[in-house]
Amino acid sequence: MTEPSEQTTATRSRAGSASDQDRSERRLTRRGWTLLVSGALFVAFALVGFFIPVPYVAISPGPTYDTLGKDAAGQPVIQVNGHEIFQTSGELRMTTVSLRDGGITLFNALGLWASGRYALAPREEYFKPGETNEQVRQENIQQLQDSQTAAQVAALRRKFPVKVLAKTIVSGSPADKVLAPGDRLLVVNGKTVAEATDVRAALNGTKPGQTVQITFKSDGQAERTVPLTLAQRPDGPEGFMGLTAVDRADVPFDVKISLQDVGGPSAGLMFALAVVDKMEPGDLAGGRHIAGTGEISEKGVVGAIGGISFKVVGAREAGATDFLVPAHNCAEAKTAAPDGLNLIKVSTLDEAIAQLENLKAGRPTASC
């Protein structure tokens, strides 16, 4: 009886040992699965981090361009044909911001941010839904061209008269098929037109259905006076002709601004200053390395711009010692200005000229 009992015990012992082994194998299998899943998640995260782009753009200081100098093709940025120009010295640098879009992965974004030179922003702040890079490029080019035109008008109207032209004609409006873009507007509703704002003012108090007289001149033709029956204005009770008017310099010479591979409206102030420096005696830059930024209107009002914190850095790296800042950007510029860069607050083209004259004469300048 003892022997079978011993045999049974041994059998049970072996059975128990086998069961423990099975449980051990199962425990190893669970650990293996844990390691496998963790490894897969790590690989997936790495793939996402290295290869999947994120919906952000990277912003950094961009190149600067001397508006008193030459463009990439070796041509003067400001060209004047048919009028005396004056000698200049020093630099009047426009500043830019570089925008990197596309191909920015999570790890790229972290590296750019950690460098301290870049800022990241959601892509939708710079690109409309469905808008392509090419469409944005074309918009920026158009903005640059508009800023160049406004800069010319703002600079030249200091010494020369302006004329008022029809810029756009609304299809199907009273002016359609009567006037064309580029026609010079002389009299509207019995009121002489001296600048673009006079056109809207001349229609104050009119009503839809009312007939007014408009005198204009097409290129190469004699003056004409024609009646227009006004329509309903979409944004007010006055009558509506259906055109937009713009100021243009009324001069017998040409001013051309040439600069490639740059977009946006913020170079207007520096373009205008360069035109003044070339067209008027006085040498505004006075041998100094001056940079700046600011959108400008045809009347010389300097407007706020974006990216000022990057532009002051780019200007200092390019050797500028003084920076013209739109008044509305002063607070932001102060927080980012590098050592050795003097910030000068301006609100108009005339103010900017006066501040540069102060700088050249060693007088205090308006500081941010």
Side-chain angles (χ1 to χ4, degrees), residues 62-96 137-138 140-165 167 181-182 184 219 246-300 302 305 314-315 318-320 324 346 348-350 352-353 356-357 360:
T64 67
Y65 302 89
D66 180 17
T67 55
L68 292 176
K70 296 182 178 181
D71 61 17
Q75 297 296 317
V77 174
I78 307 296
Q79 301 179 53
V80 180
N81 299 312
H83 192 278
E84 179 187 11
I85 60 174
F86 296 90
Q87 187 67 35
T88 64
S89 65
E91 297 178 347
L92 291 173
R93 287 194 168 270
M94 57 162 285
T95 52
T96 68
R137 191 181 75 85
Q138 291 299 327
N140 285 336
I141 290 174
Q142 185 60 55
Q143 289 176 340
L144 177 68
Q145 292 172 348
D146 291 344
S147 76
Q148 292 172 344
T149 301
Q152 291 179 39
V153 176
L156 294 177
R157 76 189 307 157
R158 287 169 43 85
K159 301 294 182 182
F160 302 96
V162 297
K163 57 187 176 182
V164 181
L165 304 181
K167 182 180 180 182
R184 182 170 183 175
D219 190 29
V246 291
D247 293 333
R248 293 292 181 262
D250 188 13
V251 295
F253 55 85
D254 295 324
V255 177
K256 180 182 178 182
I257 300 176
S258 173
L259 193 61
Q260 304 299 319
D261 301 324
V262 179
S266 63
L269 171 61
M270 303 312 289
F271 284 141
L273 286 171
V275 172
V276 171
D277 209 5
K278 285 180 175 287
M279 296 288 298
E280 300 180 22
D283 190 15
L284 281 179
R288 288 180 171 267
H289 294 264
I290 298 163
T293 187
E295 188 171 356
I296 200 165
S297 74
E298 291 166 349
K299 289 190 174 182
V302 178
I305 51 82
L324 298 171
V346 297
T348 66
L349 174 60
D350 287 345
I353 293 169
L356 292 182
E357 289 173 344
K360 187 173 64 171

Original post:
Which of parallel (below 30°), tilted (30 to 60°) and perpendicular (above 60°) describes Phe253 and Phe160?
Top reply: perpendicular
Subject >> Short side-chain to backbone donor-acceptor contact, Lys360 and Gly282, under 3.5 Å >> reply: yes
Subject >> Residues which pass side chain to side chain contact (heavy atoms under 4.5 Å, CB included) with Gln79, listed by chain and number, not counting sequence neighbours >> reply: Gln75, Pro76, Lys256, Ser258
Subject >> Side chain proximity check, Tyr65 to Val77, heavy atoms < 4.5 angstrom >> reply: no
**OP:** Rounded to the nearest 0.5 Å, what's the gap from CG on Asp66 to NE2 on His289? Could you check?
**Re:** 9.0 Å
**OP:** Kindly compute the distance separating OG (Ser147) from CD1 (Ile305), expressed to the nearest 0.5 Å.
**Re:** 12.5 Å
Original post:
Do Met279 and Lys159 touch side chain to side chain, with heavy atoms closer than 4.5 Å?
Top reply: no
Original post:
What closest approach, in Å, do Leu349 and Ala272 show between heavy atoms, and which atom pair accounts for it?
Top reply: CD1-CB, 3.9 Å
**OP:** Could you pull out the closest heavy-atom pair between Ala155 and Val276, with the gap in Å?
**Re:** CB-CG2, 3.7 Å
Original post:
Is a side-chain N or O of Thr67 found less than 3.5 angstrom from the main chain of Arg93, in a donor-acceptor match?
Top reply: no
**OP:** For Ala151 and Gly268, work out which heavy atoms get closest and say how close.
**Re:** CB-O, 3.5 Å
Subject >> Minimal non-hydrogen separation, Ile296 against Ala154, with atom names >> reply: CD1-CB, 4.1 Å
Subject >> Ala352 to Val346 - nearest heavy-atom pair and separation >> reply: CA-CG1, 3.6 Å
Original post:
Is a side-chain N or O of Ser266 found less than 3.5 angstrom from the main chain of Thr293, in a donor-acceptor match?
Top reply: no
Subject >> Side chain proximity check, Leu273 to Leu324, heavy atoms < 4.5 angstrom >> reply: yes
Subject >> Ion pair Lys299/Asp247, N-O distance below 4.0 Å >> reply: no
Original post:
Do the non-hydrogen side-chain atoms of Leu144 and Phe271 ever get within less than 4.5 Å of each other?
Top reply: yes
**OP:** Flag the pair Ile353 / Arg158 as yes when at least one side-chain heavy-atom distance between them is below 4.5 Å, and no otherwise.
**Re:** yes
**OP:** To the nearest 0.5 angstrom, please state how far the NZ atom of Lys278 sits from the CD atom of Gln87.
**Re:** 8.0 Å
Subject >> Approximate separation, where rounding is to 0.5 Å, of Leu156 CG and Glu298 CD >> reply: 12.0 Å
Original post:
Are any side-chain N or O atoms of Asp283 and backbone N or O atoms of Ser89, one a donor and one an acceptor, separated by less than 3.5 Å?
Top reply: yes
Subject >> Euclidean distance, Lys167 NZ relative to Arg248 CZ, rounded to 0.5 Å >> reply: 6.5 Å
**OP:** Locate the shortest heavy-atom distance separating Ile78 from Ala274; write the atom from each residue and the value.
**Re:** CG1-CB, 3.7 Å
Subject >> Validation row: Thr64, Thr96 side chains within 4.5 angstrom (heavy atoms) >> reply: no
Original post:
In chain order, what residues pass the side-chain hydrogen bond (donor to acceptor under 3.5 Å, both in side chains) check against Arg137, with sequence neighbours excluded?
Top reply: Glu134
**OP:** Could you tell me whether Asn81 atom CG has more than 12 heavy atoms of other residues or ligands within 6.0 Å of it?
**Re:** yes
Original post:
Less than 4.5 Å apart, any side-chain heavy atom of Leu356 and any of Leu92?
Top reply: yes
Original post:
Can you find a pair of side-chain heavy atoms, one from Met94 and one from Val262, that are under 4.5 Å apart?
Top reply: yes
